[in-house]
Undergrad: 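Structure provided below as structure tokens; questions to follow.
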Amino acid sequence: MARTTGSTGVKTKETIRKAAIKRIYQHGFEAMKLRDLADDVGIQAGSLYNYIKYKEDFLYSLLKEVLVELLDGLAKDLEGPETPLAALEAFVAFHLRWHTARREEVFIGNMELRSLSGPHLNEIVRLRETYERKLRDILEWGNKEKIWRVRDPKVTTYAVIAMLTGVCNWYRPRGRLSQDEIIEIYRELVLQGIGLIKK
């Protein structure tokens with residue numbers, strides 16, 4: 001892809017980010033060569049080092065940006081709901097919409113944690129746990145209000161998030177079901193799981 005005349009550093013950085021996401025998604029982080037990435041973007045390999053000095057630093061920055069966006073988006077969607085049930089439904093809808101729209105980043109985030117080390121890994125795990133805690137808080141809120149009885153909110157949080165995130169493995173934008181239909185199906189599954197809807 002040829003670099004456009006007069007492109008700014010910000011535009012180039014974003015182009016590099018998108019090209020790197022595609023390459024990591026297709027080939028894996030360890031297999032990504034910076035020279036190949038430079039070719040994808042249409043710049044000299046030496047110029048790429050102005051944006052990426054170390055591969056792991058780049059992966060860390062990418063995953064952190066994605067998680068911060070995820071947390072910010074969830075916070076906005078949870079501002080309105082005033083009951084545990086409404087908050088749970090908002091969480092399910094947000095998680096599915098965000099993850100079906102960002103499947104490549106989600107895949108990288110789940111598969112490439114192994115490529116991080118030390119403080120980088122610890123920070124990304126902390127952000128993921130912050131997201132998980134949002135759902136756990138909702139489940140504990142529902143227990144407190146006696147809306148449902150979830151025996152182990154922590155384990156249930158892991159189970160619900162794993163189920164919701166699994167949509168990335170098969171969802172296609174032009175598939176048989178619309179996004180809203182998928183959200184409704186998963187909403188029912190989650191509510192069945194916590195005993196609010198009888199099978």
Side-chain angles (χ1 to χ4, degrees), residues 59-173 175-199:
L59 179 63
Y60 162 72
S61 296
L62 173 62
L63 296 185
K64 184 175 180 179
E65 286 174 10
V66 169
L67 284 166
V68 168
E69 290 174 15
L70 178 70
L71 286 166
D72 287 347
L74 178 62
K76 291 177 182 177
D77 278 26
L78 291 182
E79 286 176 355
E82 297 180 352
T83 67
L85 178 57
L88 180 60
E89 291 176 329
F91 182 95
V92 170
F94 170 81
H95 190 96
L96 290 170
R97 290 190 193 282
W98 201 93
H99 282 67
T100 52
R102 309 285 288 274
R103 286 182 299 155
E104 292 181 347
E105 289 105 318
V106 171
F107 177 85
I108 293 170
N110 288 331
M111 295 301 295
E112 297 299 347
L113 279 180
R114 60 192 175 186
S115 299
L116 296 177
S117 59
H120 286 167
L121 177 60
N122 293 339
E123 174 67 6
I124 297 304
V125 169
R126 184 189 67 79
L127 289 170
R128 287 166 65 101
E129 289 175 345
T130 298
Y131 183 79
E132 293 165 356
R133 183 72 213 194
K134 299 293 185 182
L135 176 55
R136 185 175 168 185
D137 287 346
I138 293 170
L139 295 175
E140 291 176 346
W141 182 19
N143 276 352
K144 183 178 180 180
E145 297 291 328
K146 295 182 171 37
I147 305 299
W148 51 65
R149 183 178 178 275
V150 173
R151 184 168 64 178
D152 193 316
K154 186 173 184 179
V155 172
T156 303
T157 291
Y158 293 150
V160 169
I161 288 179
M163 180 178 71
L164 297 178
T165 304
V167 73
C168 297
N169 296 326
W170 58 266
Y171 173 77
R172 297 294 180 272
R176 178 173 59 88
L177 297 170
S178 70
Q179 194 177 59
D180 286 341
E181 288 173 318
I182 291 170
I183 289 172
E184 179 57 22
I185 290 170
Y186 273 87
R187 185 191 73 85
E188 291 181 359
L189 288 171
V190 171
L191 296 186
Q192 284 177 359
I194 62 174
L196 288 189
I197 295 180
K198 301 300 181 182
K199 298 180 181 179

Undergrad: If you round to the nearest 0.5 Å, how far is OG1 of T100 from CG of L164?
TA: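 It comes to 11.0 Å.
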Undergrad: Decide yes or no on side chain to side chain contact (heavy atoms under 4.5 Å, CB included) for M163 and V190, but give the supporting numbers first.
TA: CA-CA 9 Å; M163 180 178 71; V190 171; 3.5 Å; yes
Undergrad: What heavy-atom pair brings F94 and G73 nearest, and what distance separates the two atoms?
TA: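 Shortest heavy-atom separation between F94 and G73 comes out as CE1-C, 3.4 Å.
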Undergrad: Pair E140, K144 - check salt bridge (charged side-chain N to carboxylate O under 4.0 Å, His left out), show working.
TA: CA-CA 6 Å; E140 291 176 346; K144 183 178 180 180; over 6 Å; no
Undergrad: With rounding to the nearest 0.5 Å, note down the distance linking OH in Y60 to OG in S115.
TA: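 Output value for this atom pair is 15.5 Å.
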Undergrad: Salt bridge check, R126 against E129: does any charged N sit closer than 4.0 Å to a carboxylate O?
TA: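 No.
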Undergrad: I'd like to know if D180 and R97 make a salt bridge, using a cut-off of under 4.0 Å between side-chain N and carboxylate O.
TA: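 R97 and D180: salt-bridged.
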Undergrad: Nearest 0.5 Å, please: how far is CD in E188 from CD in E184?
TA: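 Between E184 CD and E188 CD, I get 4.5 Å after rounding to 0.5 Å.
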Undergrad: Using every non-hydrogen atom in the two residues, find where L59 and E112 come nearest and quote the distance to one decimal.
TA: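 Where L59 meets E112 most closely, the heavy atoms are CD2-O, 3.7 Å.
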Undergrad: If we only count heavy atoms from C-beta on, is the I108 to V66 side-chain gap below 4.5 Å?
TA: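 Answer no - side chains too far apart.
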Undergrad: Working to the nearest 0.5 angstrom, can you tell me the gap between L196 CG and R187 CZ?
TA: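 So the gap between those two atoms works out to 9.5 Å.
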Undergrad: Show the nearest heavy-atom pair for residues T156 and I194, with the distance to one decimal.
TA: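 It is CG2-CG2, 4.4 Å.
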Undergrad: Indicate yes or no: at least one non-hydrogen side-chain atom of E69 is less than 4.5 angstrom from one of R102.
TA: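 E69 vs R102: side chains touch.
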Undergrad: Take L88 and L191, measure what side chain to side chain contact (heavy atoms under 4.5 Å, CB included) needs, and give me the verdict at the end.
TA: CA-CA 9 Å; L88 180 60; L191 296 186; 3.9 Å; yes
Undergrad: Do H95 and T165 pass the side chain to side chain contact (heavy atoms under 4.5 Å, CB included) test, and can you show the C-alpha distance, the side-chain angles, and the key distance before you say yes or no?
TA: CA-CA 8 Å; H95 190 96; T165 304; 2.8 Å; yes
Undergrad: To check you understand the geometry: which heavy-atom pair defines the closest contact between N110 and R128, and what is its length?
TA: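 Taking every non-hydrogen atom into account, OD1-NH1, 3.4 Å.
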Undergrad: Using a strict 4.0 Å threshold on nitrogen-to-oxygen distance, state whether D137 and R133 make a salt bridge.
TA: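 Answer for the salt bridge query: yes.
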Undergrad: Checking V160 against L135 for the side chain to side chain contact (heavy atoms under 4.5 Å, CB included) test, could you report, in this order, the C-alpha distance in whole Å, the side-chain angles of both residues, the deciding distance, and whether it holds?
TA: CA-CA 9 Å; V160 169; L135 176 55; 3.8 Å; yes
Undergrad: To the nearest 0.5 angstrom, please state how far the CH2 atom of W148 sits from the CD1 atom of I138.
TA: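 Between W148 CH2 and I138 CD1, I get 7.5 Å after rounding to 0.5 Å.
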Undergrad: Just how far is it from atom NZ of K134 to atom CG of L71, taken to the nearest 0.5 Å?
TA: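 Separation between the atoms: 7.0 Å.
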Undergrad: Can you name the nearest heavy-atom pair linking T157 to E132, along with the distance?
TA: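 That would be CG2-O, 3.4 Å.
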Undergrad: With under 30° as parallel and over 60° as perpendicular, where do the rings of F91 and Y131 fit, or are they tilted in between?
TA: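 F91 and Y131: tilted rings.
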Undergrad: Using a strict 4.0 Å threshold on nitrogen-to-oxygen distance, state whether K76 and E79 make a salt bridge.
TA: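 Judged by the 4.0 Å cut-off on N to carboxylate O distance, K76 and E79 do not form a salt bridge.
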Undergrad: So do Y171 and L177 actually touch side chain to side chain, heavy atoms under 4.5 Å?
TA: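 SC-SC contact between L177 and Y171 ruled out.
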Undergrad: Of all the heavy-atom pairs spanning A87 and L78, show the shortest one and how long it is.
TA: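 Closest pair (atom of A87, atom of L78, distance): O-CD2, 3.7 Å.
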